[in-house]
Every structure is written in C-alpha cells, then in structure tokens.
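A short write-up of the structure that comes next.
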Amino acid sequence: MSENSVSFEVKADLAELERLREIICSFGRDHDLPDKIVFVLNLVLDELITNSIKYGHLEAGNHLISVHIAYAPEAVTIEVEDDGCPFNPLTATRPDIHCPIEERGIGGLGLHLVRSLMDEMDYERFKDKNIVRIRKKLIESGSAACNR
Amino acid sequence: MELTGNRHEKGVSLKIKGRMDTLTAPEFEKECTKWMEEGVNHFVLDLGELEYISSAGLRSILLIAKKLKPNNGQICFCSPSEIVAKVFLISGFSSMFSTYDSVDEAFHHL
C-alpha cells in the first residue's frame, strides 16, 4: 500500500529541517493524524537527522539521509538510514534530568526525547550504514475523546 | 519564530510564537542576551503560541538560565500547550522551571 508510506532523502544540511516539517505536516493531513502525533513525529525525525549530521560527521561530503515513514491504523513506523560513522543511539548516554540548573549538562536531550516519546526503537549497522527504526503507536491517540 | 519582548517592573516577558528549533533557537539566545545586557535578570516565557520545540530550543533555554543563575536571575514559563508541557516533563524542565497560567501570575511569583 504505497499511498500509506512516504520515502524521501534529505541532504546533510540543517536547512533541510524546514522541508522535513512540510513533509511531516502533509503526511499528518493525509492520514488525519492528531496535532500531538504530528508534533512528535516531527520532533523525533528532527532529532535523529540532526544527530546523524552531527555525530555521523556528514557535513563534509554530499551525504544523503534516507527516511521512510509508513502509516498503519495502529502505528506509524519510521526508518532513518545514513552512511555516516557508526553511531548507536540506543547506547548513547542518557542525561541526568534531575540535577539543578548549574550542574545540568546541555547535551543528550534529543535522543532522550526520541527514546521517551517512541514506543519502540531499534538500531542496526548494516553494509556501512546506520539504520534506526522507530515506532509510535496510534491507538491511545486514535479518537478525539482520548485525545485530551 | 516571532519574539515579542515586553518590559515589566520585575523583568521581561518574552512571547515566543511559532517554532523553536535548530534554525531559530539562536535568535532566542540573542534576544535574551540583549535584554541581559540591559540588566534584565528575570524572564517569563509566554509559550501560548509556541507550536514546536526541539532539543535545540530546550538547550537555548538552559544556556540562558545558566547565565542568569550567578545573578540570581531565572526563567519561568506560562501557558505551554499540552505537548510542549510533556516535552518539558520528559526533559526534566518542569522541575527546573516553574510554569504559570499567565504572565501576570508568573511575575506575581517572581
């Protein structure tokens, strides 16, 4: 069911985040997704792509990051693939979110948000590529009554 | 992102409209730094029309809060949407920063 999924590539350039927003918004409209879900999908892709660019050291070359988003009534699944340096987001250090402002580190929040907001997350290094697969369930937010 | 700063007796209220992400967060830091150079130590961020925030936006807020700390200054929030409030909760921001229903209420507590 190709109309239920969208595939695209983004350049390793943070200016691409604007185009990402447009793609996610139109995906949300096509599948009548609640605003909160659109926000979360935009956020996790924003964070994953930003991480790929920063930690994969992709700035230098003409690298592309491939994104595949698939809709099903019960969940949205996303796959992000890049050819940067090996980087497993699942083993990244989690930030200490309970310390006072003075001691609080400023890094690590992006992946912490992704891991907290998604229901499933997998990582695979395959043929010199980083592949991250994530899944967001739609059941809890499926109806307006439950969406408050 | 659109920023509107208003001077109050105890500090500045800053209305943030639109999206606070990697591309726009530096503007927020610049705006706060400008007020801080004028001696402002307290900021109330009015988030009623904030549509989106990523970790880059959170990082900017934290950076400014860290700079305010030595002068006993602080940041607090008002009217975040449900999803923005959830992002604050997950990232530990709700325990570092107070949230109020209105700008007036926030300044009342400052």
Side-chain angles (χ1 to χ4, degrees), chain A residues 10 12-22 24-25 28 33-54 89 92 94-118 136 140-141 146-148, chain B residues 1 16 18-29 32 41-43 45 47-77 80-99:
Chain A
V10 293
D13 177 352
L14 293 174
E16 289 276 84
L17 294 176
E18 179 57 26
R19 193 165 67 89
L20 172 73
R21 179 187 71 83
E22 287 164 19
I24 303 295
C25 282
L33 297 176
D35 288 349
K36 277 194 289 183
I37 295 289
V38 175
F39 182 113
V40 166
L41 296 179
N42 194 162
L43 181 61
V44 297
L45 274 168
D46 180 335
E47 304 295 353
L48 286 174
I49 290 170
T50 306
N51 261 281
S52 288
I53 296 173
K54 279 205 276 192
R94 279 183 184 262
D96 178 358
I97 59 163
H98 300 293
C99 56
I101 290 172
E102 305 90 298
E103 294 159 26
R104 184 70 196 256
I106 56 161
L109 265 179
L111 288 176
H112 172 66
L113 286 171
V114 176
R115 285 193 273 185
S116 308
L117 289 166
M118 291 291 110
K136 178 73 184 168
E140 301 95 334
S141 313
C146 304
N147 192 20
R148 305 200 59 83
Chain B
M1 184 180 68
I16 308 176
R19 300 172 65 85
M20 202 171 172
D21 57 15
T22 308
L23 305 172
T24 58
E27 288 169 44
F28 165 80
E29 284 176 51
C32 290
N41 282 326
H42 298 298
F43 289 91
L45 305 185
L47 307 177
E49 293 181 56
L50 179 69
E51 288 164 22
Y52 177 81
I53 187 163
S54 71
S55 66
L58 297 176
R59 206 153 39 236
S60 290
I61 294 173
L62 189 58
L63 273 172
I64 296 298
K66 279 174 178 283
K67 285 185 188 168
L68 291 168
K69 202 74 193 175
N71 298 326
N72 285 320
Q74 58 172 309
I75 287 178
C76 59
F77 305 136
S81 68
E82 191 191 331
I83 185 72
V84 169
K86 187 174 177 185
V87 168
F88 287 157
L89 184 69
I90 292 171
S91 39
F93 272 43
S94 5
S95 53
M96 285 193 291
F97 304 99
S98 303
T99 300

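We use all heavy atoms of the structure for the numbers below, so side chains are in, but hydrogens, waters and symmetry mates are not. Residue numbering restarts at 1 for every chain, and letters A, B, ... go by the order of the sequence lines.
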query = side-chain contact (heavy atoms from CB on, under 4.5 Å) between A/Leu113 and B/Lys86: does it pass, once the steps are laid out?
reply = CA-CA 10 Å; A/Leu113 286 171; B/Lys86 187 174 177 185; over 6 Å; no
key: Carboxylate-amine/guanidinium contact A/Glu102 B/Lys66, below 4.0 Å   = no
Mind checking the [atom1]-[atom2] spacing from [X] to [Y]? Nearest 0.5 Å is all I need.
X	Y	atom1	atom2	answer
A/His98	B/Met96	NE2	CE	11.0 Å
B/Thr22	A/Glu16	OG1	CD	13.0 Å
A/Phe39	B/Arg19	CZ	CZ	8.5 Å
A/Ile101	B/Ile75	CD1	CD1	7.5 Å

query = Side chain, backbone, both or neither: which part of B/Ser91 has a heavy atom under 4.5 Å from chain A?
reply = both
request  = Could you tell me which portion of B/Ser95 (side chain, backbone, both or neither) has an atom closer than 4.5 angstrom to a non-hydrogen atom of chain A?
outcome  = side chain
inquiry  = Using the side-chain hydrogen bond (donor to acceptor under 3.5 Å, both in side chains) criterion, which residues pair with B/Ser55? Sequence neighbours excluded.
reply    = A/Glu47
request  = With sequence neighbours excluded, tell me which residues meet salt bridge (charged side-chain N to carboxylate O under 4.0 Å, His left out) with B/Glu29.
outcome  = none
task = Check whether any side-chain heavy atom of A/Leu109 lies under 4.5 Å from a side-chain heavy atom of B/Phe93, and answer yes or no.
result = yes
query = Is the side chain of A/His112 donor-acceptor paired with the backbone N or O of B/Ile90 at a distance under 3.5 Å, no angle test?
reply = yes
note = Note: B/Tyr52 and A/Leu43 closest approach over all heavy atoms is OH-CA, 3.2 Å
ask   = In terms of heavy-atom pairs under 4.5 Å with chain B, which of A/Asn42, A/Asp96, A/Leu14 leads?
value = A/Asn42
